[in-house]
Amino acid sequence: MKIAVVVFPGSNCDVDLFEALHTVCQADVEYVSHKEKSLESFDAVMLPGGFSYGDYLRCGAIARFSNIMPAIVEFAKQGKPVFGTCNGFQILTEAGLLPGALKQNNSLKFVCKTVDLTVENTKTPFTSQYGEKEQISLPIAHADGSYYADQETLAKLEENHQIVFRYAGENPNGSLNDIAGITNEAGNVLGMMPHPERAVEALLGNEDGLRVFKSLLESGKNTIEEAAF
Amino acid sequence: MAIKAEMSPKEIKETKPYIEWGLTEKEFDFISEQLLGRLPNYTETGLFSVMWSEHCSYKKSKPVLREFPNRSKRVLQGPGEGAGIVDIGDGQAVVFKAESHNHPSAVEPYEGAATGVGGIIRDIFSMGARPIAMLDSLHFGEVDNAHTRYLINEVVAGIGGYGNCMGIPTVGGETTFDECYTGNPLVNAMCVGIMDQNDMQKGRAKGVGNAVMYVGAKTGRDGIHGATFASADFADDKETQRSAVQVGDPFMEKLLMEACLELTGQHKDWLVGIQDMGAAGIVSSSCEMASKAGSGMELILDYVPQREPEMSAYEIMLSESQERMLLCIRAGFEEEVRSLFKDYGLEAVVIGRVTEGNDYVLKHKGEIVTNIPVSSLTEDVLEEPSEETNPERISVSEKLNNWVPDILDARETLGKMLAQPTVASKKIFTQTYDSQVRTSTVVGPGSDAAVLRIRGTKKGLAMTSDGNGRFVYLNPLIGGQIAVLEAAANLIASGALPLAMTDCLNYGDPNDPEIYWELHKSVLGMSEVCRVLNTPVISGNVSLYNENNGEAIYPTPMVGMVGLIKNINGYLTNTFRKSGAKVFLVGETFADFAGSEIQKMMTGKISGNLRSINVNSESEKFFKLLKAIELGIVDSAHDLSEGGLAVGLAESLFSSGLGLKANLTTMSSAFLFSETPGRFVVSVVPENVENFIELMKDDCTEIGEVTTNRKLQIKCQDTEFDFSVEEAQKVWEEAIPCLMKSKD
Amino acid sequence: MVNVRIFVTYKESVFDPQGETITDAIHSLGFSNVKKVNVGKFFDLQIDSSDKKVEEVVKEVSEQLLVNFNLETYRYDVMEEA
Amino acid sequence: MVNVRIFVTYKESVFDPQGETITDAIHSLGFSNVKKVNVGKFFDLQIDSSDKKVEEVVKEVSEQLLVNFNLETYRYDVMEEA
Ligand SMILES: Nc1ncnc2c1ncn2[C@@H]1O[C@H](COP(=O)(O)OP(=O)(O)O)[C@@H](O)[C@H]1O
Ligand SMILES: [Mg+2]
């Protein structure tokens, strides 16, 4: 499986994603500039955290007009795995690949800490290695992570099991329904505010995020095997 | 400040506007008569006034700074460049420097702090290094009034706002509170970078005909006279300072950093020299680059990218617009550089050339607006000898008996102590900093030093920033010693060998002989410890005139220190890890209450004299402990500072899920709060105890055992008490959030 | 040249933490007669009106970029010709 | 009840990175006739006008809380009585 980590002007967790995949998971991963137009040789796409375009205007609002975006939209439409964390999540909502929006935290402050989460849906390409309702903890680091969608959309998210991660215990930002991460209806696009890529090594004190990447790599094996079969 | 309003040289001589810009009459006359042989024009007078300010010239502090040792086998670049560089083996080097932004932050706390961070980051990547961590050192007034709370909120938000957006983790720092900083908070920032040794760059413009290129943000009228402003005492007259406010654009700086790192890392053949535009903008960067290379320079100001219309030469040269760099590019590669920067959405423009000789020539709108020797701006600055006198408070306190606290209820005293803002948890601030981005932070804010791993190696770096103005105020020499010892102790406790240090020297008005004496004595104290520990000073910054309406701050040297961890898996934190481990106190405890937190808490002020320190034996003890840690026989280590042993024991228990039974029967409860420097609390698992004692000998005393009952149980000579760890932690964590919420 | 001011606000149903915080702060300053505060942002655009219709440009820029319809609504005023 | 809208903008000479970035984004969307974008914020206050003079309240609240005079200036409109 070949994975693209997209770099926008102002992305800054691109290294974190890359290293988690390359060094820790030994996956085949490449940086792809926002200027590129094609994702042809890739099997999965990841949008990193950071401050694309300084988060001026709204987080992710300007990045969604990048050259690479149409290719990402097309990629998602084909049912291939697309993942966004933090700013990546914000870009995916701004681009309409995921419903809803991310507002400023209720505290009005940036918050960097480790939070408890419940894995709500293990039937996605990113969560198959977690147990149903498993409690994990992951770092968050954002100022605008309060998930908002109107009631109708929220009801649909709940009904379709599109909510993949929920804050357990303290809700750190005011997200509706304690939402920390969601997929699109088809389940191949995941956006989440927490940073699994920061929790993949014992040296840094947390390995709970590793299985997001392991799940993806495993799902890749399955599809390749299926194709070979 | 339109061009037509500019005064003629004669008018300048007569009406002396330069005095307001910070130049003295004596200096002006020296410049006209000795250096130029004519009167300087308006633009030239402006250039002199900023380049001869203390901030750019160090004319007052230079004689004192010469005391600092700045060499060791490892030092690759000492003071004199954007930042100092130290060899860490494997062809790699660590690069670091600290910078103060006190005065800008007093006026506009958010942008002042943010642009301080932006400036120090540029210093690091201008050396060819990738910034990997930020630390800060913040000193505010007491948290009992709305203005101080506003300053705190805005400064902290500014530091986080810039660092978070840049993707550089803010991993450590310090925050203290004392009345003397009320009108003049100290906002110091330190940046640490890492590089391959063959990527090292210098701020140098040499090679006749080579291009001087300007990259980054456009020049506006912001921050004109920022450098002189930083060098003068300021009163409450805010109106005139408002124009000096610069706004930071971290997004622009992120692009600038990536572009510059591509240039320094991959196109060394194009590049001759690089320097950031900090204080005094284009003038300081360009003339320093020429001066260091012994070149002349000619700049055409019409080519400088400008944000506002009708800017005069004076304004263009003195502007302190942020996020700009100056490059010297080998002739013939201008187009390549332009296109590299364009790829990042940035402008790179040739604004001049390196010339022969020593002339600094500026042209604007077809006229020569400046033609002076380069060295007149950099080398020829008159050093100002300063008078020194021993302040009366010192000679008085030498004769008095030192205060010793009378503890009625040790448990209650500890509870109150944990809630003192200087002791209490700073999480409410540090959790607004992204301390983990780049996924190399092994230990973030909260322990003695921050620890980062170095990717691709087994090594790690530990780093800390420390300052204790109270001790320096009571005895500058010993206070200076303590400042460096304290920083080194933080690194040792993390398992790191201290390599070198940087500093920010924050003092009052140096024209006051007592303040100059404080500066001099404290630098002597710091230097002595640097020599003994072999931690040379490789970079730093001086911030004088820290006064508000005539009242000086405590003399507050900030020490930033970086250490090397041989094997990252052997790093330690201050938290106890295993029940049954034996707890030792390393170092002896004396009646050191002068300048302590307990004195401040119980008497409302600080007083007394400091006990002198045997620096050599401190150093021996430090290195013995480091050896024990490197041998893997220590389980946790915590150096003791504000609040003394009692606070240190409590902190070692926080979030550990453990307890401690301490037997201190040789100590009266007052000594629990003594702040004797150079002490550590360490825990050692039973199988290592024998080896540990063998190594540490008399320098360690067993004081108790880690338990599972989540209680801090202390028995001393005069009393015995229990404190639930959960309760103690709650007091410690909630103190500052609670103060920050108050409404008066 | 035409100057246009575009006002963007949260939709009625969206909780605005900033508005609440500011209301509290105003009350703690003692201005209890300030009952409610809503916060919004505005964009002043200078538009060269020669080619395309100004209102069209304003609508497109707003709807494509300046406004997130999940949360926000907008209005605009065409101001004096400069 | 009186409704007041307070407009807060950067002072003329203050660098506004947000405005610049948004202008660039608008240009890259193809709207080259948008020459300049300035960003500001506004506050809608509902004020009970019974006791203190409304304008006084607005001034004090703005100057003490809403406006940072290092960088910003403000204006306000008193709107319809609600
Ligand atoms: N207190 C100090 N101790 C050691 N070196 C210092 C000190 N203050 C300044 N320096 C060194 O002098 C040089 C000039 O510093 P400075 O003017 O602050 O740099 P910048 O131009 O980046 O603001 C730097 O190399 C700095 O490291
Ligand atoms: Mg510099």
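Labels below follow one simple rule: chain letters A, B, ... track the order of the sequence lines, proteins then strands, and each chain is numbered from 1.
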- Query: Which residues pass the salt bridge (charged side-chain N to carboxylate O under 4.0 Å, His left out) test with A/K77, sequence neighbours left out?
  - Reply: none

- Query: Heavy atoms, side chains only, cut-off 4.5 Å: are A/L47 and A/I72 in contact?
  - Reply: yes

- So do the side chains of A/R198 and A/L204 get within less than 4.5 Å of each other, counting heavy atoms only? no

- Note on the structure: Honestly, the part of A/L57 sitting under 4.5 Å from a heavy atom of chain C is both

- Task: Compare all side-chain heavy atoms of A/F8 with those of A/R64 and state whether any distance is below 4.5 angstrom.
- Result: no

- Message: Quick one, A/C59 and A/L102 - any side-chain contact, counting heavy atoms below 4.5 Å?
- Response: no

- Taken to the nearest 0.5 Å, the spacing of A/I91 CD1 from A/I62 CD1 works out to 11.0 Å

- Item | Contacting region of A/E94 [heavy-atom separation from chain C under 4.5 Å] | side chain

- Item | Part of A/N106 within contact of chain C (heavy atom distance under 4.5 Å) | both

- Task: Give me the contact list for residues 6-16 of chain C versus chain A, heavy atoms only, anything under 4.5 Å, ordered by residue number.
- Result: C/Y10, C/S13, C/V14, C/F15

- Task: Could you grab the distance from atom CE of A/M192 to atom CG of A/L98, nearest 0.5 Å is fine?
- Result: 12.5 Å

- Under 4.5 Å, heavy atom to heavy atom: which of residues 66-73 of chain C reach chain A? Give them by number, or say none. C/L66, C/V67, C/N68, C/N70, C/L71, C/E72

- Do the side chains of A/Y31 and A/D14 get nearer than 4.5 Å, heavy atoms only? yes

- Note on the structure: Listed by number, the residues in residues 159-183 of chain A that come under 4.5 Å of chain C (heavy atom to heavy atom) are none

- Message: Is there a side-chain hydrogen bond (donor to acceptor under 3.5 Å, both in side chains) between A/Q129 and A/S215? Walk through the geometry before answering.
- Response: CA-CA 5 Å; A/Q129 310 249 318; A/S215 300; 5.0 Å; no

- Note on the structure: side chain to side chain donor-acceptor pair (under 3.5 Å) test vs A/T118 passes for just one of A/E134, A/E132, A/Q135, A/K133, namely A/Q135

- Item | Value rounded to 0.5 Å, distance of CD in A/E120 from CD in A/E158 | 7.5 Å

- Message: What's the separation between atom NE2 in A/H195 and atom OG1 in A/T114, rounded to the nearest 0.5 Å?
- Response: 11.0 Å

- Message: Do C/Q64 and A/F65 make a side-chain contact, defined as non-hydrogen atoms from C-beta onward lying under 4.5 Å apart?
- Response: yes

- Kindly indicate whether the side chain of A/F89, heavy atoms from C-beta on, has any atom under 4.5 Å from the side chain of A/P194. no

